[in-house]
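So the structure is just underneath, and the comments pick up after that.
Since the model is a prediction, treat every value here as computed from it, not as a measurement. Atoms within a ligand are numbered from 1 in the order they appear, just like the ligands themselves.
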Amino acid sequence: MQGKVTKAIFPVAGLGTRFLPATKSIPKEILTLVDRPLIQYAIDEARAAGIEQFIFVTSRGKSALEDYFDAAPELEGALRRSGKTALLETLATTDVDSGAIAYVRQHRPLGLGHAVWCARRLVGDEPFAVVLTDDVIAGEPPCLQQMIEAHAETGGCMVAATEVPRETTSSYGVLDIAAEDGPLVRVRGMVEKPRPEVAPSTLAVIGRYILTPRVMAHLDRQRAGAGGEIQLTDAIAEEIRCGGAVHGFRFRGRRYDCGSKAGFLQATAAFGLAREDLRDEFSAFLGGVMGFARAAE
Ligand code: G1P
């Protein structure tokens with residue numbers, strides 16, 4: 001059995017330009033699927049996996065994220081006075097113990113690897129998780145929990161993995177597979193955003209990682225990779241070259257790419273349909289829209 005993973009890094013410094021103009025004044029992590037912002041999905045998943053310390057790597061213009069996890073005394077007082085207990089309970093899902101969230105700033109947008117590295121002093125000498133809020137994963141148990149259970153047996157580094165169409169490999173980190181054992185894939189290399197013709201497989205990294213502190217040491221070198229950015233994938237690949245064990249984990253569940261508009265709309269539809277209070281009205285609406293689209297063809 002391996003040391004317990006209790007810390008998670010959430011790199012939330014990105015500008016979110018794909019969602020302009022909305023992201024001109026709100027962080028993309030506050031964009032909302034039905035009624036919960038993306039960051040809430042990420043925090044809930046981490047909590048379910050036993051994470052106790054949440055490290056946000058932020059940047060300028062992200063103060064709405066700090067406010068989101070702060071107490072809201074006026075709002076709470078107003079809800080209490082009007083007896084709105086259900087809403088108070090909903091609000092309580094944003095409660096985080098004082099001191100359980102730490103914020104560090106990434107001063108310059110030098111890449112995902114650099115963002116993770118900015119949290120090195122808070123992580124210390126322990127294994128840690130990384131959660132990318134753009135990747136929203138519907139899974140039971142939640143993806144990170146599945147990984148932490150598998151990691152208790154394997155140790156080393158682990159990345160969430162899923163098959164993607166070959167023509168899309170240049171959007172992902174892609175695994176070079178050494179061996180497969182059920183959902184576990186032993187990895188002998190990793191490449192960031194390879195062109196389809198040179199991708200070592202079609203098994204792509206999805207934004208959940210469990211990493212050893214040695215990966216931070218590799219990031220210390222600050223070497224730029226794909227797109228001129230310091231890539232997390234390259235540091236994990238370096239760990240493999242140094243003899244460290246790295247596994248891909250084929251999680252059970254469905255991933256939505258909420259970093260893209262199409263993925264965000266798909267997630268909105270899926271999460272809306274999954275909600276008992278909305279399902280009937282929303283599916284009737286979607287049925288109508290589909291019928292209208294078919295009639296127009
Ligand atoms: C990042 C990682 C990439 C991974 C992807 C998953 O890329 O660098 O390896 O496959 O997340 O969503 P980004 O989407 O930030 O370009």
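Checking only distances, Ser171 never comes within under 3.5 Å of ligand 1, N or O to N or O. Between Tyr172 and ligand 1, not a single N/O pair is under 3.5 Å apart. Between Leu132 and ligand 1, no N or O atom pair is found at a separation short of 3.5 Å. Backbone and side-chain nitrogen or oxygen atoms of Gly207 are examined, and none is located within less than 3.5 angstrom of a nitrogen or oxygen of ligand 1.
Note on Arg250 versus Glu180: salt bridge recorded, some NZ/NE/NH1/NH2 to OD/OE distance being below 4.0 Å. In this structure, Lys4 pairs ionically with Glu52, as a charged nitrogen and a carboxylate oxygen lie closer than 4.0 Å.
Looking at Phe249 and His151, their side chains never come closer than 4.5 Å, going by heavy atoms from C-beta outward.
Distance CZ/Arg214 to CG/Asp125: 11.5 Å, rounded to 0.5 Å.
With respect to atom 4 (C) of ligand 1, the closest heavy atom belonging to the protein is Val205 O, 3.4 Å. Looking at atom 9 (O) of ligand 1, its nearest protein heavy atom turns out to be Glu192 OE1, 2.7 Å.
Distances from atom 14 (O) of ligand 1 to the protein include no heavy-atom value under 4.0 Å.
Taking the centre of each ring, Phe271 and Tyr41 come in below the 6.0 Å mark.
Remark: ligand 1 atoms within the under-4.0 Å shell around heavy atoms of Asp135 are 6 (C), 12 (O). If you number the atoms of ligand 1 from 1 as listed, the ones under 4.0 Å from a heavy atom of Gly173 come out as 3 (C), 4 (C), 9 (O), 10 (O). Short contacts between ligand 1 and Thr233, defined as distances under 4.0 Å to a heavy atom of the residue, involve ligand atoms 9 (O). Close contacts between ligand 1 and Arg255 involve ligand atoms 12 (O) [criterion: under 4.0 Å to a heavy atom].
Residue pairs meeting the ring pair (Phe, Tyr, Trp, His ring centres under 6.0 Å) criterion with at least one partner in residues 115-141, sequence neighbours excluded, are His114-Trp117.
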Tabulate below the donor-acceptor pairs under 3.5 Å that side-chain atoms of residues 200-212 make, not counting sequence neighbours, or state none.
from: Ser201; atom 1: OG; to: Leu175; atom 2: O; distance (Å): 2.6
from: Ser201; atom 1: OG; to: Leu203; atom 2: N; distance (Å): 3.0
from: Thr202; atom 1: OG1; to: Glu163; atom 2: OE1; distance (Å): 2.7
from: Arg208; atom 1: NE; to: Glu45; atom 2: OE1; distance (Å): 3.3
from: Arg208; atom 1: NE; to: Glu45; atom 2: OE2; distance (Å): 2.8
from: Arg208; atom 1: NH1; to: Leu132; atom 2: O; distance (Å): 3.2
from: Arg208; atom 1: NH1; to: Asp135; atom 2: O; distance (Å): 3.1
from: Arg208; atom 1: NH2; to: Glu45; atom 2: OE1; distance (Å): 2.9
from: Arg208; atom 1: NH2; to: Asp135; atom 2: O; distance (Å): 2.7

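Defined by atom type and a distance below 3.5 Å, a donor-acceptor pair is present between the side-chain atoms of Gln40 and Tyr68.
When Arg208, Lys193, Gln231 are ranked by how near their heavy atoms come to atom 7 (O) of ligand 1, first place goes to Lys193.
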